[in-house]
Number of protein chains: 2
Amino acid sequence: MGVTERKERHKEDLKKDILTAAKELFTQKGYESTSIRAIAEKIEYSPATIYLYYKDKNEIVHALHQDGFRLLVSHFEVLNTVSNPFERLKAMGRAYIHFAMQNPDIYQLLFVMKEPLEHVANCFEDWHEGDRAFDILLKTVSECQGIGYFKGLDATMLSFSIWSTMHGMCTLRITGHLGHVAIARANQLDLDHLIGAAYETYVATLENLTT
Amino acid sequence: MGVTERKERHKEDLKKDILTAAKELFTQKGYESTSIRAIAEKIEYSPATIYLYYKDKNEIVHALHQDGFRLLVSHFEVLNTVSNPFERLKAMGRAYIHFAMQNPDIYQLLFVMKEPLEHVANCFEDWHEGDRAFDILLKTVSECQGIGYFKGLDATMLSFSIWSTMHGMCTLRITGHLGHVAIARANQLDLDHLIGAAYETYVATLENLTT
DNA sequence: GAATTTTACTAAACAGTGTTTAGTAAAATT
DNA sequence: AATTTTACTAAACACTGTTTAGTAAAATTC
């Protein structure tokens, strides 16, 4: 029955179309300001149709959540070519910041919004994607310890600490809080340069932990 | 005319009452889930009355914003009794985390939500409270450099970096992202203890920057 | 081929939101 | 006593996420 297959494919297409439209609107206008009605209008269907493909708005953001994480992890995985673990760690940090600066709304979807995580918890799934990203960091930190870095520090705790620093920088930048205190205090007009400079300072502190 | 004064006082009282009700509801149910109607009901006035005292919902959160910052800065200022700047810096970090853990919704109001900051920008005010808190950090970092810590690092950049780490830890904890990766990975059942342990690890990295 | 069931979709409603408008009693002023 | 000001609100407006009931068209069954 080729017909049912074609219809099945069409249904899958529509589900993707909803997601594409949602992603575009979310990144344009943010999560809260994007209505189901707006998504429906963009794909030229009625709002009720959305609910035939996704249980609710949270299920849509969860789907985008998974996509976003795949994108981030893919950014990390190309760094496997960097053989020196500390160089790889530094590159990971830069990649993380770059990802957050290029996709601020997706970043917030992944690491700031509570709703997608709650959806995960409600479905009794585990947070594969987030775990995977953290594992990559943890593994890299451990490998750094293997070549003499971070002596005497707990790898998991240090990984939390590093992640926190990266996350803090990115969110303070994205929400505009960094901008407010940076004005007049740092002679960096471009905030993205400022983030870079702050990151280099942080790397310098990590660099001193070889002894 | 004592009468107009009494009325004036009554008006000020009502304005405070709105704020108190709003704060209670915000911290109970969060910003998004607290409606003007709910605030109105709590103070037993009609929703329209709120708009006679505050321009819009953002002006209410901005007022709470200022209150919250005063509370945080007051937590910092008692630390002036600690004479050693590095000890004071460590105590500041603990105070910051403690504040965030005890008042997660206020913390988000101060450092996560964009709306209050946008309100500040729209009114052409500057962000006194936030600036003040950052200045206290910056001053402490500089004093640490005065006794041999953080040699060769830019004080402002290092302050950004430290703030980012603290902010990252607090927000990852509050939003639940830390909890999701921490399960099974760290043998810490209590997440608040985990935060403490991660903080101590971070302090240990700072401690090694004396050389 | 006709009758039935399933599919894919939607119009309209429900209950909620922030906010504005028009209007009303009571108090203050003239 | 008449007028103006004050403090307040009922009701509406334009939204929101979501659900319900219903409808054409396609697929299936007889």
Side-chain angles (χ1 to χ4, degrees), chain A residues 1-19 21-23 25-26 28-65 109 113-116 118-119 122, chain B residues 1-19 21-23 25-26 28-65 109 113-116 118-119 122:
Chain A
M1 293 263 155
V3 180
T4 57
E5 271 177 35
R6 192 201 64 218
K7 290 195 113 192
E8 205 57 46
R9 234 182 308 124
H10 187 70
K11 276 187 69 170
E12 281 304 310
D13 279 356
L14 187 46
K15 201 167 180 180
K16 265 264 148 58
D17 286 350
I18 293 170
L19 217 61
K23 185 174 190 170
L25 289 170
F26 282 156
Q28 261 173 37
K29 304 151 78 81
Y31 170 73
E32 300 287 355
S33 304
T34 300
S35 65
I36 298 285
R37 282 173 177 83
I39 299 171
E41 200 170 333
K42 203 175 178 75
I43 58 166
E44 295 179 297
Y45 280 83
S46 89
T49 303
I50 308 274
Y51 289 89
L52 299 174
Y53 294 85
Y54 293 95
K55 191 181 136 281
D56 54 20
K57 204 178 174 184
N58 280 344
E59 200 166 292
I60 300 177
V61 317
H62 178 65
L64 291 176
H65 201 261
L109 215 70
M113 282 176 52
K114 290 179 175 179
E115 290 87 348
E118 282 164 4
H119 182 91
N122 289 338
Chain B
M1 291 262 156
V3 180
T4 57
E5 271 175 36
R6 193 200 64 222
K7 290 196 113 191
E8 205 57 45
R9 235 182 308 125
H10 186 69
K11 275 187 69 172
E12 281 303 310
D13 279 355
L14 188 46
K15 201 166 181 182
K16 265 264 147 55
D17 286 350
I18 293 171
L19 217 60
K23 185 174 191 170
L25 289 170
F26 282 155
Q28 259 172 39
K29 305 152 77 82
Y31 171 73
E32 301 288 355
S33 303
T34 299
S35 66
I36 297 284
R37 282 172 177 83
I39 299 171
E41 200 169 334
K42 202 175 178 78
I43 59 166
E44 295 179 298
Y45 281 82
S46 88
T49 303
I50 308 275
Y51 289 89
L52 300 174
Y53 293 86
Y54 293 94
K55 191 181 135 283
D56 53 23
K57 204 178 174 184
N58 279 343
E59 199 166 294
I60 300 178
V61 317
H62 178 65
L64 292 176
H65 200 260
L109 215 69
M113 283 176 51
K114 291 178 175 178
E115 289 87 348
E118 282 164 5
H119 182 91
N122 290 338

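Residue numbering restarts at 1 for every chain, and letters A, B, ... go by the order of the sequence lines. Remember, predicted model here, so these are calculated numbers, not experimental data.
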Determine, step by step, whether B:Y31 and B:K57 satisfy the side chain to side chain contact (heavy atoms under 4.5 Å, CB included) criterion, reporting the C-alpha distance in whole Å, the side-chain angles of both residues, the deciding distance to 0.1 Å, and the verdict. CA-CA 10 Å; B:Y31 171 73; B:K57 204 178 174 184; 3.8 Å; yes
Nearest whole angstrom, please: distance from the [atom2] of [N] to the [atom1] of [X].
{"X": "A:K57", "N": "C:dG16", "atom1": "NZ", "atom2": "P", "value": "18 Å"}
{"X": "B:Y51", "N": "C:dG23", "atom1": "OH", "atom2": "C1'", "value": "19 Å"}
{"X": "B:N58", "N": "C:dG18", "atom1": "CG", "atom2": "C1'", "value": "11 Å"}
{"X": "A:I36", "N": "D:dT19", "atom1": "CD1", "atom2": "C1'", "value": "13 Å"}
{"X": "B:E59", "N": "C:dT19", "atom1": "CD", "atom2": "P", "value": "11 Å"}
{"X": "A:E32", "N": "D:dC15", "atom1": "CD", "atom2": "P", "value": "18 Å"}
{"X": "B:Y45", "N": "D:dC8", "atom1": "OH", "atom2": "P", "value": "5 Å"}
{"X": "B:I50", "N": "C:dT17", "atom1": "CD1", "atom2": "C1'", "value": "14 Å"}

What nucleic acid atoms does [X] come within less than 4.0 Å of, heavy atoms only: base, sugar-phosphate, or nothing?
{"X": "A:I60", "answer": "nothing"}
{"X": "B:Y53", "answer": "sugar-phosphate"}
{"X": "A:S33", "answer": "nothing"}
{"X": "A:T49", "answer": "base"}

Identity of whatever pairs with C:dT19 - Watson-Crick or G-U, under 3.5 angstrom: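 Paired with D:dA12.
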Determine which nucleotide pairs with C:dA27, using a 3.5 Å limit on both distances of a Watson-Crick or G-U wobble pair.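 Partner of C:dA27: D:dT4.
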Can you tell me how far the [atom1] atom of [X] sits from the [atom2] atom of [Y], to the nearest 0.5 Å?
{"X": "B:T34", "Y": "B:I39", "atom1": "OG1", "atom2": "CD1", "result": "6.5 Å"}
{"X": "B:L109", "Y": "B:H62", "atom1": "CG", "atom2": "NE2", "result": "11.0 Å"}
{"X": "A:I43", "Y": "A:I50", "atom1": "CD1", "atom2": "CD1", "result": "4.0 Å"}

Is B:R37 side chain donor-acceptor paired with the C:dG16 base, going by distance under 3.5 Å alone?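 Result: no qualifying N/O pair found.
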Of the nucleotides D:dA10, D:dT18, C:dC9, which one has an atom closest to the side chain of B:A48?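 Within the option list, the nearest is D:dA10.
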Please assess A:I60 against A:F26 for the test side chain to side chain contact (heavy atoms under 4.5 Å, CB included), listing each intermediate value before the final yes or no. CA-CA 11 Å; A:I60 300 177; A:F26 282 156; 4.3 Å; yes
Within less than 4.0 Å of OP1 or OP2 of D:dT16, is there a side-chain N or O belonging to A:S35?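 For D:dT16, OP1/OP2 do have a side-chain N/O of A:S35 under 4.0 Å.
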